[in-house]
Amino acid sequence: MRCLENKGISPDNIRLIIDGDKNTIYGHLKQLVKTSYIISTSDNLQDIVKKSIHKNIVVFVTGHGYFEDGIDAPKPIKPYNLLTSLRSSKHTENIVIYLGQCYAGIFNYINVAGYPKTIIIGSTNLYPSISCTLEGIPWCANLFLFNLFRWIENPVDIDGDDKFTVMDSFKYAGAETNRYCQRYKGCCLERTIELLEEKKQVNSSLELKALETELYSIQNIHYNTQEPWILNEFPAQSIEF
């Protein structure tokens, strides 16, 4: 939200939809932004959109995703459920959805033809999405969304058409995410060997569990493929930020 506020987006035009303990969430928000946002839950999504009078809706999805169920929620959100909810306002002309959760590819290859124009962008295809700690960020950040908001803060014209478009944001976030993964994978083998050597010397089950957890985390990145994708690419080349 701080990134959006810094770009001049009014807090009145930002909606937070989070399933979870609200007191904990409000505690985290106080450390990040000064605005007091109202938090809604996922079952309120369609009602929120119906009441919207805005021409453009931009959605950022983080959290968990499950292959067969879509976006994790008390009632899991499948692709057409999300699409139907976001198309429920008669005022909407353009919808842009950025998916950061695991297995975002189940939202690909669906029919988004018709009105309003709808663009869906996924951080990964049918693989888990990678999140990790980054320098200067005190939490585990989704790599794709982190790079997406970096672009929003300082947009770059990737394709040289003298516009800052949705397509530029997709190319930047996708390329930067894979650039990080490529650099990190170069260290994976060396660290894996170190951990295997340490396992031979552990004296307790707690130490062993900690080593196995780190080893699993490293291998999850090393053997993972982040393949960002975009659905309905033509309007993405003309819709500007």
Taking [Y] as the starting point, is it possible to reach [X] by hopping between hydrophobic residues whose side chains are less than 4.5 Å apart?
X: Ile17; Y: Tyr37; value: no
X: Phe60; Y: Phe107; value: no
X: Leu148; Y: Ile230; value: yes
X: Tyr66; Y: Leu45; value: no
X: Trp229; Y: Val96; value: no

*Please work out which of the three classes, parallel, tilted or perpendicular, describes the rings of Phe67 and Tyr103, given edges at 30° and 60°.*
perpendicular
*asked:* Parallel, tilted or perpendicular: which one describes the rings of Phe241 and Trp151, with boundaries at 30° and 60°?
replied: perpendicular
Test your reading of the model: is there a side-chain donor-acceptor pair from [X] to the backbone of [Y], 3.5 Å cut-off?
X: Asp168; Y: Asp159; answer: yes
X: Asn125; Y: Glu227; answer: no
X: Lys117; Y: Pro235; answer: no
X: Thr165; Y: Ser238; answer: no
X: Lys209; Y: Ser204; answer: no
X: Asp157; Y: Asp162; answer: yes

Looking at [atom1] of [X] and [atom2] of [Y], how far apart are the two atoms once the value is rounded to the nearest 0.5 Å?
X: Phe164; Y: Ile152; atom1: CZ; atom2: CD1; answer: 13.0 Å
X: Ile77; Y: Ile71; atom1: CD1; atom2: CD1; answer: 5.0 Å
X: Thr225; Y: Tyr127; atom1: OG1; atom2: OH; answer: 4.0 Å
X: Ile18; Y: Ser42; atom1: CD1; atom2: OG; answer: 11.0 Å
X: Thr92; Y: His54; atom1: OG1; atom2: NE2; answer: 9.5 Å
X: His91; Y: Lys51; atom1: NE2; atom2: NZ; answer: 13.0 Å

For [X] and [Y], which heavy atoms make the closest approach, and how far apart are they?
X: Thr124; Y: Ala104; value: O-CB, 3.4 Å
X: Ile110; Y: Pro79; value: CD1-CB, 4.0 Å
X: Tyr26; Y: Ile38; value: OH-CA, 4.0 Å
X: Pro11; Y: Glu5; value: CG-OE2, 4.1 Å
X: Gly174; Y: Phe144; value: N-CE1, 3.6 Å
X: Asn232; Y: Thr118; value: ND2-O, 2.8 Å

Can you confirm whether [X] sits close enough to [Y] that some side-chain heavy atom of one is under 4.5 Å from a side-chain heavy atom of the other?
X: Arg15; Y: Val49; value: no
X: Cys181; Y: Asn224; value: no
X: Glu153; Y: Asn6; value: yes

_Test of understanding: with side chain to side chain donor-acceptor pair (under 3.5 Å), list the residues that count as partners of Ser85, not counting sequence neighbours._
Gln46
*Could you check Asn81 against Thr84 for side-chain hydrogen bond (donor to acceptor under 3.5 Å, both in side chains), going step by step and ending with a plain yes or no?*
CA-CA 5 Å; Asn81 300 136; Thr84 299; 5.9 Å; no
*Run the side-chain contact (heavy atoms from CB on, under 4.5 Å) check on Phe146 and Thr177 step by step: do they pass?*
CA-CA 9 Å; Phe146 173 79; Thr177 297; over 6 Å; no
Verify the neighbour count for atom [atom1] of [X]: are there more than 12 heavy atoms of other residues, nucleotides or ligands below 6.0 Å?
X: His64; atom1: NE2; answer: no
X: Glu240; atom1: CD; answer: yes
X: Phe234; atom1: CZ; answer: no

*Candidate list Val61, Ile120, Val166, Thr62, test side chain to side chain contact (heavy atoms under 4.5 Å, CB included), partner Tyr98, passing option*: Val166
*Reference residue Ile119; test side chain to side chain contact (heavy atoms under 4.5 Å, CB included); the match among Leu231, Ile97, Ile95, Ile239*: Ile239
_Is it true that Asn44 and Thr41 share a donor-acceptor pair across their side chains at a distance under 3.5 Å?_
yes
*asked:* Checking Asn142 against Ser129: is there a side-chain donor and acceptor pair closer than 3.5 Å?
replied: yes
*asked:* Regarding Glu176 and Arg179, does a basic nitrogen lie under 4.0 Å from an acidic carboxylate oxygen?
replied: yes
*Can you list the steps and then say if Glu93 with Tyr115 is a side-chain contact (heavy atoms from CB on, under 4.5 Å)?*
CA-CA 7 Å; Glu93 297 179 5; Tyr115 191 82; 2.9 Å; yes
*Could you walk me through whether Leu29 and Ile39 pass side-chain contact (heavy atoms from CB on, under 4.5 Å), step by step?*
CA-CA 11 Å; Leu29 284 176; Ile39 296 175; 4.0 Å; yes
